[in-house]
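In what follows, a single structure is set out as structure tokens and then discussed.
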Amino acid sequence: MALTTALPMLTASDVVEKLRALRARQPVKYWAFYSSQLGGIVTDPALMIIPFDDHMVHRGHGIFDTAAIEAGKIYDLEAHLDRFIRSARNSKLKLPSRDEMRDIIVRTTAASGRREGSIRYWASSGPGSLGLAPAGSAEPGFFVMIFAGLVYPDSWYTQGLKVMTTTYPIKPPLYAITKSVTYLPNVLMQMEAQEQGVDNGVFIDEAGNVGESSNMNVAFVSPDGALVHPKFDHILSGCTSLRLLELATALQVRKVIKGIEVRDIPVAEARASREMLLIGSSVKVAPIVAWDGKPIGDGKPGPISRALRDLLTEDMRSGHDRLIEVPYA
Ligand SMILES: Cc1ncc(COP(=O)(O)O)c(C=O)c1O
């Protein structure tokens, strides 16, 4: 098909104008962005950009992580940095020092002026070629975005949500435990769920054990009242799950739950649970009430999901050893 209009040759100021027009068509809530490539912070979303030949863009050779800003403090950043550093090692990526990354994250949060929201940060191997291995001269990149975060409907908490077993294969363990930007299976799983009229999907591993959801972990309350979570050797180590497994000991002491188990969970056993939970930094803890069209427990949100959510909310507000003060101007 012949093009009827000439393709314009653009100047630098045309490009900035086009990027601003693109953003005007997109209602994004991006408040501040740090880029090591720019050497500073921008607050205009049109300028939150990365070169097209960055290895993270065209080969998926990058990692990321996401932490929450709650009441003007950053929650559990050290756990997220631990995972980021592990992901970098698995991906052969170079990072700034941990202190430098923490400092950039805190200062970018301060520059955003926002007291509630999310922090997502990335490491890339950098631009310089379109090859498979990074360019010899590639400068590793570090980026931090302060944004509104993912928001889920209230009904997820009041009525619970529905999930399906995805038809997409789970990532092999090395890729599942590494938080790389290669999220194609996770994206396809969520799109498939939406097409089927449910809220999300669940990966099952080759042995028939429960894996995780698209960007969240899943856990269960067994028929005899224990909190049961899949092992973290073939799924992402959710910072929220890890913290909840610690906080849940308070429920065990109060005899609200019978025990805490981290182990393989065969699908048939999982389906017979009293409660099923979706867990993650963005969703916190939400009850799953139906899986593949069949109710979990009595098909209503259960008390343990509520109790765990309350524990997490309390920890996010007053877990002083887990909170970093942001030096807002
Ligand atoms: C695949 C996957 N599993 C689980 C999680 C939950 O992790 P977290 O609790 O650290 O948000 C996430 C979110 O980062 C994820 O992307």
Side-chain angles (χ1 to χ4, degrees), residues 30-45 47-70 72-114 117-129 131-147 149 174-175 177-183 215 236-240 242 281 321-329:
Y30 304 156
W31 296 315
F33 177 70
Y34 165 85
S35 159
S36 60
Q37 292 166 345
L38 300 176
I41 297 170
V42 291
T43 54
D44 178 348
L47 304 179
M48 299 176 179
I49 53 168
I50 179 168
F52 190 78
D53 64 337
D54 194 295
H55 222 216
M56 180 161 76
V57 177
H58 69 101
R59 296 295 191 191
H61 190 197
I63 55 163
F64 73 107
D65 218 298
T66 312
I69 312 166
E70 179 86 10
K73 300 194 176 84
I74 303 176
Y75 178 63
D76 219 7
L77 182 61
E78 299 307 325
H80 287 275
L81 284 175
D82 285 344
R83 186 169 67 190
F84 194 62
I85 291 167
R86 281 200 308 273
S87 293
R89 203 177 303 131
N90 292 345
S91 309
K92 300 189 192 292
L93 285 167
K94 291 197 194 79
L95 295 180
S97 74
R98 186 183 185 109
D99 286 348
E100 219 176 318
M101 291 191 290
R102 185 190 307 105
D103 186 51
I104 292 168
I105 289 169
V106 171
R107 288 207 268 161
T108 310
T109 307
S112 79
R114 298 293 174 145
S118 282
I119 307 167
R120 189 165 295 170
Y121 46 99
W122 293 260
S124 82
S125 54
S129 87
L132 252 309
S137 58
E139 294 174 27
F142 181 63
F143 312 92
V144 181
M145 173 75 90
I146 312 300
F147 68 113
L174 173 64
Y175 305 120
I177 64 171
T178 302
K179 204 162 162 59
S180 84
V181 295
T182 320
Y183 258 45
N215 54 336
L236 196 74
S237 281
C239 297
T240 320
L242 290 176
S281 302
D321 57 330
R322 304 251 157 186
L323 294 169
I324 296 181
E325 291 280 352
V326 178
Y328 295 102

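Predicted model, so just to flag it, every value in this text is computed and none were measured.
A 4.5 Å side-chain heavy-atom check between I324 and R102 finds at least one atom pair inside the cut-off. Side-chain contact between W31 and T43 is absent, with no heavy-atom pair separated by less than 4.5 Å. Side-chain contact between R83 and L236 is present, with heavy atoms from C-beta onward closer than 4.5 Å. Using a 4.5 Å heavy-atom threshold, the side chains of H55 and S124 count as separate. By the 4.5 Å heavy-atom criterion applied to side chains, P140 and L95 are not counted as neighbours.
A 6.0 Å sphere centred on CZ of R107 holds no more than 12 heavy atoms belonging to other residues, nucleotides or ligands.
Scanning both residues, L77 and A67, for their nearest heavy atoms gives CD1-CB, 4.2 Å. Considering all non-hydrogen atoms of both residues, R86 and S237 come closest at NH2-CB, 3.8 Å. Minimum interatomic distance between S118 and G149 (heavy atoms only, all atoms of both residues): OG-CA, 3.4 Å. Across every non-hydrogen atom of V57 and P51, the tightest pair is CG2-O, 3.8 Å.
Panel note: side chain H80, backbone T66; a donor-acceptor pair is recorded below 3.5 Å. For Y328 (side chain) and R114 (main-chain N/O), a donor-acceptor pair under 3.5 Å exists by modelled atom type. Using a distance-only test at 3.5 Å, with no hydrogens or angles considered, a donor-acceptor pair links the side chain of H61 to the main chain of S91. Side chain of H58 to main chain of S129: a donor-acceptor pair is present (N/O by atom type, distance under 3.5 Å, no hydrogens or angles). Proximity of a side-chain donor or acceptor of S35 to a complementary backbone N or O of Q37 within less than 3.5 Å is detected.
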(message) E78 vs R98, test: side-chain contact (heavy atoms from CB on, under 4.5 Å). Steps then yes/no.
(response) CA-CA 9 Å; E78 299 307 325; R98 186 183 185 109; 2.9 Å; yes
(message) Run the side-chain contact (heavy atoms from CB on, under 4.5 Å) test on M48 and F143 for me, step by step, so that the C-alpha distance in whole Å, both residues' side-chain angles and the decisive distance to 0.1 Å come before the verdict.
(response) CA-CA 10 Å; M48 299 176 179; F143 312 92; over 6 Å; no
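The only option from F84, F64, F33 that meets the ring pair (Phe, Tyr, Trp, His ring centres under 6.0 Å) definition with Y121 turns out to be F84.
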